[in-house]
Amino acid sequence: MPELPEVETLCKSMAPFLLDQVIVSVDVRDTRLRWPVVPLDFTKWITGNRVVNMTRRSKYLLWQFDNEATIIFHLGMSGRLGIFSDDTTIEKHTHVIFQLRDRMQVRYRDPRRFGLVEVVPPNELKTWFRFENLGVEPLSKDFGYKYVANLLKKSKKPIKNWIMDAQNVVGVGNIYANEALFRAGIHPTRPAYSLKNDEQRRLVQSVKSVLTAAIDKGGTTLNDFRNAQSEPGFFQLDLSVYQKEGQLCGLCSNIIEKIVMSGRSTFFCPSCQK
DNA sequence: AAACGCGCCTGCGGGC
DNA sequence: TGCCCGCAGGCGCGTT
């Protein structure tokens, strides 16, 4: 599912429910995710502890505990986290179940198993290896014109690949890369170094605006994204180019095209994006 | 060193 | 109806 707006939506919808709750036990039903889940880590650091903070970094969701331990989640392509009563049917591909008080549970489900559920021991979060090479947060002031200009000039990558590279800026996946470039009026195959000053500014602004708009709509639900309450998002209704090959551009009425870049479907308006 | 392609998985929709 | 194929929102790693 998940790019930044979806993880942010999940975080916002889950935090009010889970904050201050104690994890009574953790049931790892299948350890086979992208990296193996380690059941003993939950026994050692999580069981009996209370969630005191919930945040997002890049496309990771973080639960921080009163003992300074953290659980980090990545949803991969098909991961979901949802709140359930423990008497409801456990869906297929539910790999980890967090038991709470009052017969409530948080369930991690991930059919394709590209995701991650990992315990960071107390006080190691700041130096945790998964965050070592991450670039700036796109909605922070760090992601600004100066930062982008300095990096773009050093890169020969197509601009679409550049904004999807988490070493530059995190959280932008295929959907929002396509949509941001449409908003900026920039063709996805343009080499990063070739962007003019005004295009660099529009790129920064467009990445911020499309992510913010998607968060406001609760994310994009194409197939299976759901928030903590299993509700869909609605930004799919506001997409301009993604999966709209052959349809008319909303700005100029030319036909939206599809190409493949690095194996990913890429949609753009050949008239609006130069 | 940077950039690309592959592979990890399952499910779904379209074409025949 | 059922089978086969292509495709899917991510990301780390190996190769060039």
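Here is how names work: the chains are called A, B, and so on, in the same order as the sequence lines, proteins then strands, and each is numbered from 1.
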Handout entry: Connected hydrophobic set around Trp128(A), excluding itself, where side chains approach under 4.5 Å
Key = Trp35(A), Tyr60(A), Leu62(A), Ile72(A), Leu116(A), Val120(A), Leu125(A), Phe129(A), Phe131(A), Leu134(A), Val170(A)
Practice task
Kindly state which residues belonging to residues 180-188 of chain A come within less than 4.0 angstrom of DNA chain C, counting heavy atoms of the residue only, listed by number.
Solution key: none
Pick out the pairs of N or O atoms, protein on one side and nucleotides 12-16 of chain C on the other, that lie under 3.5 Å.
| from | atom 1 | to | atom 2 | distance (Å) |
| --- | --- | --- | --- | --- |
| dG12(C) | O4' | Arg34(A) | NH2 | 3.2 |

Practice task
Could you note down all residue pairs passing salt bridge (charged side-chain N to carboxylate O under 4.0 Å, His left out) where residues 133-149 of chain A supplies at least one of them, sequence neighbours left out?
Solution key: Arg56(A)-Glu137(A), Arg57(A)-Glu137(A)
Handout entry: Interatomic distance at P, dG6(C) relative to dC6(B), whole Å
Key = 14 Å
Handout entry: Other ILVMFWY residues reachable from Phe268(A) by side-chain steps of under 4.5 Å
Key = Ile259(A), Met261(A)
Completion exercise
Applying ring pair (Phe, Tyr, Trp, His ring centres under 6.0 Å) to Phe65(A) and not counting sequence neighbours gives none
Problem - Whole-Å distance separating the CZ atom of Arg226(A) from the P atom of dG9(C) - result: 17 Å
Fill in the blank from the handout: Students should find that the hydrophobic cluster of Ile255(A), defined by side-chain heavy atoms under 4.5 Å apart, otherwise consists of Leu248(A)
Fill in the blank from the handout: Sorted by number, residues from residues 255-267 of chain A placing a heavy atom under 4.0 Å from DNA chain B are Ser262(A)
Exercise for the section: First locate atom OG1 of Thr9(A), then atom CZ of Phe234(A), and finally report the distance between them rounded to the nearest 0.5 Å. Expected result: 11.5 Å
Fill in the blank from the handout: DNA chain C in dot-bracket form (Watson-Crick or G-U pairs under 3.5 Å, [ ] crossing, | inter-strand) is .|||||||.|||||||
Problem - Residue list, salt bridge (charged side-chain N to carboxylate O under 4.0 Å, His left out) with Asp20(A), at least two apart or on another chain - result: Arg50(A)
Completion exercise
Note: chain A reaches DNA chain B at heavy-atom distances under 4.0 Å over the stretch, first to last nt, 5' to 3', of dA3(B) to dG11(B)
Practice task
If a pair satisfies side-chain hydrogen bond (donor to acceptor under 3.5 Å, both in side chains) and one of its residues is in residues 209-219 of chain A, list it, with sequence neighbours excluded.
Solution key: Arg183(A)-Ser209(A), Lys217(A)-Asp238(A)
